[in-house]
Peer 1: 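After the structure tokens below, expect a handful of questions from me.
Atoms within a ligand are numbered from 1 in the order they appear, just like the ligands themselves. Please read these numbers as outputs of a predicted model, since none were measured by experiment.
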Amino acid sequence: MTDPLRGGASIGILGGGQLGRMLSVAASRLGFKCHIFEPGAEPPAGQTALCVTTAPYDDREALIAFAKSVDVVTYEFENIPTAALDIIEEIVPIRPGREALRVSQDRLTEKTYLQELGLQVAPFADVTDLASMLQAVSEIGAPSILKTRRFGYDGKGQARLTSPEDAERALADMNGAPAVLEGFVDFSHEVSVIAARSSTGEVACFDPGENVHRNGILHTTTVPARLSASQRTDAVLISAKILNALDYVGVLGVELFVTPSGLIVNEIAPRVHNSGHWTQNGCAIDQFEQHIRAVAGWPLGDGTRHSDVTMENLIGDDMNRVPQIARELNAALHLYGKADVKPGRKMGHVNRITG
Ligand code: AMP
């Protein structure tokens, strides 16, 4: 695919959660059709996309039919099995490309990659067994955090060490999965940059947002973030460096710790990101449209922030507050159409315009 996609073209999305849903809404606003590929039944994105394939990621025939039905494929999460991507890529381009997935699917690969780019990351060491764990603890010390190399999200697959004596307990929490021990970063606050790069190499970043987590899950994102002018510039430069190194096409989330010795990269997500939801009501072009524009080969849009916003995630029983939030002034509700409320489940979010 070299020419920009035109109205009526089809975009395939791997994953049918809320991110896929909001991507498909943005795509349809630009005149595109969306086809969702999702193993689970009744995905949130299935309510807004034209077409859904319900099949596992190892169903070769379903993957081939899906790939043949679309002009480009993108994804809403990074843990797509490599074999599925191999099948799709023979038929249709995948954007963002495979390198971004290779790097971000594994925390050890990701940290090594970022460090080699000259960016600051937390001190880290590879942990595969008790011997390497004890070695890692002797190098990095405590407090520290042991994280599984793959499939961790929303604080899952993590164990904290407050002293070196916690080593064995933390290792047991990994259930034998390869892990990385990370030194605990003494940050003042956390910010993230939602960065975008087009197929012709243009780069644009949304204003950094300040993130607050609760129980390991994002609770709020506030813009503007508390950052000095130089920290703000640095956040953008770090993000642009990663985008260019990966020859990236699409939107990338870059999570940063703010410390007195500079910004430390926590992790990157090769997709639209929960901490970028504020852009839906803070910018003319939000992260979802920006991503669709990039993967469709369009120029990036104007993501300048026109308002101050606080995004609050609505998780589990927070849904009980929806009738009250629906009456608030300057509050935009975004609900994901999930029938079952479960503790810890992201059900929607609200963007409050604060200035
Ligand atoms: P992660 O899944 O890596 O994004 O981690 C989830 C949250 O745990 C982060 O947003 C931080 O609040 C905290 N965290 C993760 N890694 C570190 C670290 N090395 N030092 C301090 N806090 C961390």
Side-chain angles (χ1 to χ4, degrees), residues 17 19 76-79 100 103-115 119-127 133 136-137 139-164 166-167 170-171 173-175 177-195 208-222 225-227 235 238-239 242 252-278 311-313 315 344 346 349:
L19 300 179
E76 61 143 29
F77 75 117
E78 50 274 38
N79 290 315
V103 169
S104 62
Q105 281 184 342
D106 182 323
R107 286 188 195 274
L108 182 67
T109 313
E110 180 178 295
K111 287 218 152 20
T112 309
Y113 187 87
L114 296 168
Q115 196 172 49
L119 303 177
Q120 290 199 76
V121 293
F124 65 98
D126 186 15
V127 171
M133 178 66 185
V137 173
E139 280 168 29
I140 288 168
S144 46
I145 308 187
L146 189 65
K147 301 180 180 177
T148 53
R149 279 173 59 172
R150 293 176 60 92
F151 305 119
Y153 69 96
D154 287 346
K156 293 192 174 68
Q158 302 193 0
R160 296 202 174 197
L161 285 81
T162 48
S163 82
D166 294 334
L171 187 63
D173 282 357
M174 300 295 106
N175 291 318
V180 187
L181 185 69
E182 277 185 36
F184 199 83
V185 177
D186 191 13
F187 56 80
S188 54
H189 50 295
E190 296 182 71
V191 299
S192 57
V193 178
I194 306 302
E210 182 167 334
N211 300 322
V212 174
H213 294 84
R214 262 195 199 164
N215 305 321
I217 304 178
L218 184 67
H219 173 48
T220 57
T221 301
T222 300
R226 284 171 298 156
L227 290 173
I238 289 168
S239 306
I242 300 169
L252 175 85
V254 181
E255 296 181 20
L256 301 162
F257 296 136
V258 182
T259 77
S261 51
L263 299 175
I264 296 180
V265 186
N266 174 29
E267 63 179 3
I268 58 173
R271 51 173 169 77
V272 287
H273 197 256
N274 193 168
S275 68
H277 292 358
W278 67 267
M311 186 283 313
E312 180 193 350
N313 267 337
I315 294 168
K346 290 178 180 168
H349 62 273

Peer 1: State the atoms of ligand 1, each with its element, that fall below the 4.0 Å cut-off from a heavy-atom position in Arg160.
Peer 2: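 The list of qualifying atoms is 8 (O), 13 (C).
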Peer 1: With atoms numbered from 1 as shown, which atoms in ligand 1 lie under 4.0 angstrom from a non-hydrogen atom of His213?
Peer 2: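 Checking each atom against His213, I get 10 (O).
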Peer 1: What's the separation between atom CZ in Arg107 and atom CG in Leu114, rounded to the nearest 0.5 Å?
Peer 2: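 The CZ atom of Arg107 sits 12.0 Å away from the CG atom of Leu114.
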Peer 1: Do ligand 1 and Val185 have nitrogen or oxygen atoms that lie under 3.5 Å from each other?
Peer 2: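 Yes, there is a polar N/O contact under 3.5 Å.
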Peer 1: In ligand 1, which numbered atoms sit nearer than 4.0 Å to a non-hydrogen atom of Glu255?
Peer 2: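 In order of number, 4 (O).
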Peer 1: What distance separates His219 NE2 from Ile315 CD1, expressed to the nearest 0.5 Å?
Peer 2: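 With rounding to 0.5 Å, NE2 (His219) is 8.0 Å from CD1 (Ile315).
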Peer 1: In terms of side-chain geometry, is the basic nitrogen of Arg149 or Asp126 positioned less than 4.0 Å from the acidic oxygen of its partner?
Peer 2: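 Result for this pair is yes, salt bridge flagged.
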Peer 1: Between Asn266 and ligand 1, which residue portion shows a heavy-atom distance shorter than 4.0 Å: side chain, backbone, both, or neither?
Peer 2: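 Side chain only.
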Peer 1: Show, in sequence, the C-alpha distance, side-chain angles and deciding distance for Glu267 and Lys111, and conclude whether the salt bridge (Lys or Arg N to Asp or Glu O under 4.0 Å) test is met.
Peer 2: CA-CA 8 Å; Glu267 63 179 3; Lys111 287 218 152 20; over 6 Å; no
Peer 1: For ligand 1, which atoms, with element, lie under 4.0 Å from some heavy atom of Gly183?
Peer 2: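 With Gly183 as reference, the close atoms of ligand 1 come out as 18 (C), 19 (N), 20 (N).
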Peer 1: Examine Phe184 against ligand 1 and note whether any of their N/O atoms are separated by less than 3.5 Å.
Peer 2: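 No, since none of the N or O atoms of Phe184 sits under 3.5 Å from an N or O of ligand 1.
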Peer 1: I need the Ile242 CD1 to Ser104 OG distance, nearest 0.5 Å.
Peer 2: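 Result: 11.0 Å between the selected atoms.
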Peer 1: Is it true that the side chains of His349 and Glu312 contain a donor and an acceptor less than 3.5 Å apart?
Peer 2: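 Note: His349 and Glu312 side chains miss the donor-acceptor criterion.
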Peer 1: In ligand 1, which numbered atoms sit nearer than 4.0 Å to a non-hydrogen atom of Glu190?
Peer 2: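 By the 4.0 Å cutoff, the relevant atoms are 9 (C), 10 (O), 11 (C), 12 (O).
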Peer 1: Enter the distance from His273:NE2 to Ile194:CD1 here, rounded to the nearest 0.5 Å.
Peer 2: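 Reported value, rounded in 0.5 Å steps: 6.0 Å.
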Peer 1: Enumerate the atoms of ligand 1 whose separation from the nearest heavy atom of Arg107 is less than 4.0 angstrom.
Peer 2: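 Taking each heavy atom of Arg107 in turn, ligand 1 has 2 (O), 3 (O) under 4.0 Å.
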